[in-house]
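Report on the structure given below.
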Amino acid sequence: MQLTSQSFRDGEHIPGEFAFAVPNAASHIALSSNTNPHLTWHDAPAGTQSFVLVCHDPDVPSKADDVNQEGKEVPASLPRITFYHWLLLDIPANLSEIAAGSHSNSVTPQGKAGPEASNGLRHGINDYTLWFAGDAQMTGNYFGYDGPCPPWNDTIVHHYTFTLYALDTPKLDVQGSLTGPNVVQALKEVNVLAQASITGLYSLNPDVK
């Protein structure tokens, strides 16, 4: 099974239109169009009944002390943790493409609605839910896609990996809320027939290439 995108090439930078934020000379960052990227796949194995899509960033700082702080930087040596940007479940087996902008085309304060999505799909809860938990204007459950917004003072480029899983069941049974860890655990408990990934790069630090 192969996964590709017209929005970015594997191993190359993701354009700003598919990010939550873009660089800004005056304020470091500005909100972007937050458009979900195009994805397409082929050669799914026989017996596939549904797909699950997971997008994660494994490069998020494990401590937020220096994140987005003037006069400071997030060192490359800091241990990193995973941040989930998109969880899309119960994708029908006869679907082989997700159009750009079909699930997100703006930043939605307090999060997009969910988990129900078009055509019987389900959106999981991404980790902006945790990030904005203490922000009165932004707090809420963030379902669906919300794109890259790494710290503007991070010294490393972040990697955004989109992974498609082919399952032999029409619906993924997830215990608890539809968070990244719960969805990943559910995937470990079913028969994954195949998986394919594509990774894009993104940084808000003008000194990071």
Side-chain angles (χ1 to χ4, degrees), residues 1-22 32-45 48 50-60 80-107 112 114-115 117-119 121-129 131 142-150 156-167 172 174 178-188 190 192-204:
M1 186 167 70
Q2 293 187 333
L3 178 67
T4 58
S5 175
Q6 296 174 358
S7 301
F8 63 94
R9 293 181 180 274
D10 186 34
E12 297 186 3
H13 285 264
I14 297 173
E17 66 184 283
F18 304 107
F20 194 90
V22 291
S32 186
S33 54
N34 199 36
T35 299
N36 73 269
H38 165 270
L39 295 168
T40 188
W41 55 92
H42 57 85
D43 296 334
T48 298
S50 70
F51 301 97
V52 169
L53 178 68
V54 176
C55 174
H56 78 286
D57 168 12
D59 299 316
V60 171
R80 305 291 168 144
I81 59 175
T82 295
F83 188 107
Y84 291 96
H85 283 265
W86 197 9
L87 305 154
L88 186 58
L89 288 65
D90 309 335
I91 303 170
N94 62 357
L95 191 68
S96 62
E97 187 172 33
I98 296 173
S102 58
H103 291 280
S104 178
N105 56 15
S106 66
V107 171
K112 291 184 282 291
S118 58
N119 300 317
L121 283 66
R122 285 184 294 162
H123 278 304
I125 301 170
N126 70 55
D127 282 340
Y128 282 101
T129 300
W131 178 254
Y142 282 71
F143 285 93
Y145 178 80
D146 284 300
C149 186
I156 67 169
V157 67
H158 285 224
H159 297 72
Y160 298 84
T161 299
F162 296 77
T163 303
L164 186 75
Y165 300 86
L167 310 182
L172 183 65
V174 180
L178 298 179
T179 62
N182 288 345
V183 169
V184 169
Q185 180 59 41
L187 287 168
K188 295 178 180 178
V190 297
V192 176
L193 301 176
Q195 66 183 72
S197 297
I198 183 173
T199 298
L201 311 178
Y202 199 75
S203 175
L204 289 169

For the residue pair Thr48 and Ala166, what are the closest heavy atoms and their distance?
OG1-CB, 3.7 Å

Is there a side-chain contact between Leu164 and Met1 in this structure, where contact means two heavy atoms from C-beta onward sitting under 4.5 Å apart?
yes

I need the Gln2 CD to Trp41 CH2 distance, nearest 0.5 Å.
14.0 Å

Output the distance between atom CG (Asp127) and atom CD1 (Ile81), rounded to the nearest 0.5 Å.
8.0 Å

Are the aromatic ring centres of Phe83 and Trp131 under 6.0 angstrom apart?
no

What pairs with Asp90 under salt bridge (charged side-chain N to carboxylate O under 4.0 Å, His left out), at least two apart in sequence or on another chain?
Arg122, Lys171

Taking the six-membered ring for Trp, are His85 and Tyr160 closer than 6.0 Å centroid to centroid?
yes

With distance as the sole test, does Asp10 use its side chain to make a donor-acceptor pair with the main-chain N or O of Thr199 at under 3.5 Å?
yes

Can you check side-chain contact (heavy atoms from CB on, under 4.5 Å) on Leu39 and Leu53, steps first, answer last?
CA-CA 10 Å; Leu39 295 168; Leu53 178 68; 3.6 Å; yes

Set out, in order, the CA-CA distance, both residues' side-chain angles and the distance that settles side-chain contact (heavy atoms from CB on, under 4.5 Å) for His103 and Ser118, then state yes or no.
CA-CA 9 Å; His103 291 280; Ser118 58; 4.3 Å; yes

Nearest heavy-atom neighbours spanning Asn119 and Pro92
O-CG, 4.3 Å

My understanding is that only residues two or more places apart in sequence, or in another chain, count here; which of them pass side-chain contact (heavy atoms from CB on, under 4.5 Å) with Asn182?
Val174, Ser177, Thr179

Which pair of heavy atoms, one from Phe18 and one from Pro37, lies closest together, and at what distance?
CD2-CA, 3.7 Å

Value rounded to 0.5 Å, distance of CG in Leu88 from CG in Leu121:
5.0 Å

When you compare the side chain of Thr40 with that of Ser5, does any pair of heavy atoms fall below 4.5 Å?
no

Which atoms form the tightest heavy-atom contact between Pro148 and Tyr202, and what is the distance?
CB-CD2, 3.5 Å

Please report the interatomic distance CG(Leu167) to CG(Leu187), rounded to the nearest 0.5 Å.
6.0 Å

Would you please name every residue forming a salt bridge (charged side-chain N to carboxylate O under 4.0 Å, His left out) with Arg80, sequence neighbours left out?
Asp154

Just how far is it from atom CG of Leu201 to atom CZ of Phe8, taken to the nearest 0.5 Å?
9.0 Å

Scanning both residues in full, the closest heavy-atom pair of Leu204 with Val22 reads CD2-C, 3.5 Å

Minimal heavy-atom distance between Pro45 and Leu193, with the atoms involved, is CG-CB, 3.6 Å

With sequence neighbours excluded, tell me which residues meet side chain to side chain donor-acceptor pair (under 3.5 Å) with Ser197.
Thr163

Listed partners of Asp146 passing side-chain contact (heavy atoms from CB on, under 4.5 Å), at least two apart
Phe20, Asn34, Lys112, Asn126, Tyr128, Tyr142

By side chain to side chain donor-acceptor pair (under 3.5 Å), His56 pairs with (sequence neighbours left out) none

Say you draw a straight line from CD of Glu17 to CG of Asn36; how long is it, rounded to the nearest 0.5 Å?
10.5 Å

Verdict with reasoning, Leu178 to Leu87, per side-chain contact (heavy atoms from CB on, under 4.5 Å)
CA-CA 8 Å; Leu178 298 179; Leu87 305 154; 5.8 Å; no

May I have the step-by-step check of side-chain contact (heavy atoms from CB on, under 4.5 Å) for Trp86 and His123, ending in yes or no?
CA-CA 8 Å; Trp86 197 9; His123 278 304; 3.4 Å; yes

Indicate yes or no: at least one non-hydrogen side-chain atom of Tyr145 is less than 4.5 angstrom from one of Thr35.
no

